[in-house]
Each structure stands twice: as C-alpha cells, then as structure tokens.
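Heads up: the structure comes next, in structure tokens.
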Amino acid sequence: MAVKTLIEGVREALAEEMERDERVWVLGEDVGRKGGVFLATEGLHAKFGQARVLDTPLAESCIVGVAIGAALNGLVPVAEIQFADFIHPAFDQLVSEAARIRYRSNGEWSCPIVVRAPFGGGVHGGLYHSQSVEAFYAHVPGLKVVIPSTPADAKGLLKSAIRDPDPVMFFEHKKAYRLIKGEVPEGDVLTPIGPAAVRREGTGLTCVAWGLMVHQCLEAAGAVAGEGVSVEVIDLRTLRPLDRETILRSVAKTSRALVVHEDNLTGGFGAEISAIIAEEAFEYLDGPIKRIAAPDTPVPFSPPLEKAFIPQVEDVAKGLRELAEY
C-alpha cells in the first residue's frame, strides 16, 4: 500500500466516489478550479466539470440548503465548508432540516448529504479559523459525526459517509492534513461508520481521543511506557454513533480512564464519554475519570498562547502519570 497524507485520502475518496456514482457532486467555496483552500478537491473540476464541482458564494446556509434540496431530488451532494468555524450560519439548515427529514417523513424520505469541514487549531489561524465544533452536532439526533485521524480512515470513512442514506458531518483536522501520513489501501475499501479503533493495546489505563489528539495520546503513551505505565489508546473515529462497547470493554480491563480532546473543556464531548463510563462502568474504576482539554477561552492567535491552549503530548503524559499513580 502507498503511504499518503490525510488530505490525499480525502481527495481519493471524493474522486473514486464521483467516478463510481454520477449522482455524487461537490459544492462549496473555491472547490472548483482552485481545488479548495486546502486543495482537497484539487483536480476534480478538470476531471468532472463545473456541473459536478460547483463553486458557490460565501454563504454557508446556502451551501447546505442547496445540498439538502439536491439530496431530496435524488443527488448525493458533498458540501465543503471552508473552515468549521464558518458553519454556524448553516446550523438551522443542518439541525432543523437535514437531521429531521427521516423522522418527520416517517422514514419515507432521507437526506444523503455529507458536510465536510476542516477543524482544530495548531496552525496559527486564530479564533476564527481554529475552532472545534464537533460537540454541537454530536448532540443532534439524526446527524452522524465522523472524525478520521489517519489517511486510511479519511478515505474509508468518507466513502462510507457518501454512501450513507442520512446526513453525515465529516470533520477533518486541518493540522493533520499533511502532518499525518500512513498506508492507504487501493481501490474500493470502506471503513464502517460506528466502530472505534484500538490504536494501542494496554492494560493499566484507557485513553480515549479523536482526530489529531489520537496522535498526541499515542506519543504520550509511548513516553510513559518506559515508566511501567501500560496505556490503551482508543480512537473513536465517530462520535455519533458512539462505540460505547469498545470504551466500556477497555475500561473494564484497565480500571482507569482519561479522555482527551481539543475542544473547550466545559460541554465538550469528553463530558459525555465520562458520564457513560461513570454510569455503566463505575464498579470497574480504581480512580477518577479524568479529562484533558482546552481551557474555556477562544483559540488564541499568539503562537505561545495557542500552544498553551491546545493539549500537548507532555500534558497528556502528565495526566497519564497522575492517573496511574492514583
């Protein structure tokens, strides 16, 4: 298998799905000739033409609204929001319309749209280009929330999302686009939406994360391994549906749990995971459930402040040590 970047996995999935199914099309700001601000759609306009790779105005509510209308008329749109920070004008379209179409129609209609959006910090984008917004949408019944951490999953999960009959929010960590590399299977290989992945086996402590934080946790787990701390790292991959079984099975084995995410601490999705562990695995615990997350402030632009804001490997390693010693 060839080694590729995460953004190449995204691009391959789009090209292969557009080749496979002529109903699949892409829309968003600068996705056409420019190939998107991160070049996720590079080459698609030349290959598939303007009718299937459509540049839109700077109007996120319009982008998602058009995608919903196209889906209800038999097409399979993949909408790109240039930065996840800008998705908020489309919140009503996503939450009040796309997420509810199957329920309100008693199952007679579905809304097969994918909304792709780069999220997260670490690229000095400041408070308007660095937010983590996944918790907003993981709260909404009717939406799936997918966050790949590897190039193979970026491809496999996006292909599955495009074939899903219901709306999927597909968040890609922008710092991971070219930083994270890995083997990507050739051809039509899908990663199912739902199951988490155990990225590192361990016996003494469970560490749960998603997106770029998976790699922070893996590096931290390697750092404390020499100190006799055996860490199991779980990559959720999807927040909704959530693979509770993998989380609870791991906690039952290790008796300790640390949840790591880049979003603000208060109301972050880590709180939901912590509550599930407390409610369903309390009798297995030998210590408190701990969370490591960003403080409750906007994302700073200053590089030193941004580094302090985002959980670093040393922060995770410190949390692992403290929990192991409890």
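Checking each of Glu16, Glu186, Glu8 against Lys155 for a salt bridge (charged side-chain N to carboxylate O under 4.0 Å, His left out) leaves exactly one that passes, namely Glu16. Here the rule is side-chain contact (heavy atoms from CB on, under 4.5 Å) with Leu236, and of Asp243, Val214, Ile247 only Ile247 fits it.
A donor-acceptor pair under 3.5 Å is formed between the side chain of Arg52 and the backbone N or O of Met18. In this structure, the side chain of Ser255 engages the main chain of Tyr284 through a donor-acceptor pair within 3.5 Å. A donor-acceptor pair under 3.5 Å is formed between the side chain of Asn264 and the backbone N or O of Pro295. Thr56 contributes no side-chain N or O that, together with a main-chain N or O of Ile63, makes up a donor-acceptor pair within less than 3.5 Å. With Ser130 contributing its side chain and Leu127 its backbone, the two residues share no donor-acceptor pair below 3.5 Å.
The pair Lys144-Asp164 meets the salt-bridge criterion, with a side-chain N (NZ, NE, NH1 or NH2) lying under 4.0 Å from an Asp/Glu carboxylate O. Using a 4.0 Å cut-off between charged nitrogen and carboxylate oxygen, Glu314 and Arg321 do not count as a salt-bridge pair. A salt bridge between Glu201 and Lys253 is present, with a side-chain N of the basic residue lying under 4.0 Å from a carboxylate O of the acidic one.
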With ring pair (Phe, Tyr, Trp, His ring centres under 6.0 Å) as the criterion, how do His124 and Phe301 come out once you've worked through the C-alpha distance, each side chain's angles and the decisive distance to 0.1 Å?
CA-CA 6 Å; His124 314 316; Phe301 176 75; 7.4 Å; no
Report the C-alpha distance between His129 and Phe86 in whole Å, list the side-chain angles of each, state the deciding distance to 0.1 Å, and finish with yes or no for ring pair (Phe, Tyr, Trp, His ring centres under 6.0 Å).
CA-CA 8 Å; His129 298 80; Phe86 305 150; 5.2 Å; yes
Go through the steps to decide whether Phe269 and Tyr137 satisfy the test ring pair (Phe, Tyr, Trp, His ring centres under 6.0 Å), and finish with yes or no.
CA-CA 10 Å; Phe269 196 73; Tyr137 299 97; over 10 Å; no
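In the displayed structure, Arg104 atom CZ is contacted under 6.0 Å by at most 12 heavy atoms of other residues, nucleotides or ligands. Counting non-hydrogen atoms of neighbouring residues, nucleotides and ligands closer than 6.0 angstrom, the CZ atom of Arg178 exceeds 12 such neighbours. The environment of Lys175 atom NZ is sparse: at most 12 non-hydrogen atoms of other residues, nucleotides or ligands sit within 6.0 angstrom. More than 12 heavy atoms of other residues, nucleotides or ligands shown are found within 6.0 angstrom of NE2 on His88.
Using a 4.5 Å heavy-atom cutoff, the side chains of Val251 and Ile289 are not in contact. Between Ile113 and Ile68, the closest side-chain pair of non-hydrogen atoms falls below 4.5 Å. A heavy-atom distance below 4.5 Å is found between the side chains of Arg116 and Leu158. In this structure, Glu245 and Pro195 have side chains that are not in contact, with every pair of non-hydrogen atoms separated by 4.5 Å or more. Residues Glu60 and Ile87 fail the side-chain proximity criterion, which asks for heavy atoms closer than 4.5 Å. Side-chain contact between Leu27 and Pro77 is present, with heavy atoms from C-beta onward closer than 4.5 Å. Val64 is listed as a side-chain neighbour of Ile81, based on a closest heavy-atom distance under 4.5 Å. Side-chain atoms of Ile193 and Arg237, non-hydrogen and from C-beta on, never get closer than 4.5 Å to each other.
Taking the six-membered ring where the residue is Trp, Trp210 and His261 present parallel rings, their angle staying beneath 30° rather than reaching 60°. Below 30°, between 30° and 60°, or above 60°: for Phe91 and Phe136 the angle between ring planes is above 60°, a perpendicular geometry.
By the rule that hydrophobic residues join a cluster once side-chain heavy atoms approach within less than 4.5 Å of another member, Tyr128 and Ile310 end up as members of separate clusters. Cluster annotation: Phe170 and Leu75 are assigned to the same hydrophobic cluster (Ile/Leu/Val/Met/Phe/Trp/Tyr, side-chain heavy-atom contacts under 4.5 Å, transitive). Under the 4.5 Å side-chain heavy-atom criterion for grouping Ile, Leu, Val, Met, Phe, Trp and Tyr, Leu94 is connected to Val66 within one hydrophobic cluster. Hydrophobic clustering (ILVMFWY, side-chain heavy atoms < 4.5 Å, transitive): Ile147 and Val299 are in distinct clusters. Val259 is not connected to Val231 by any chain of hydrophobic side-chain contacts under 4.5 Å among Ile, Leu, Val, Met, Phe, Trp and Tyr, and they are in different clusters.
Neither side chain, Thr254 nor Glu232, offers a donor N or O lying under 3.5 Å from an acceptor on the other.
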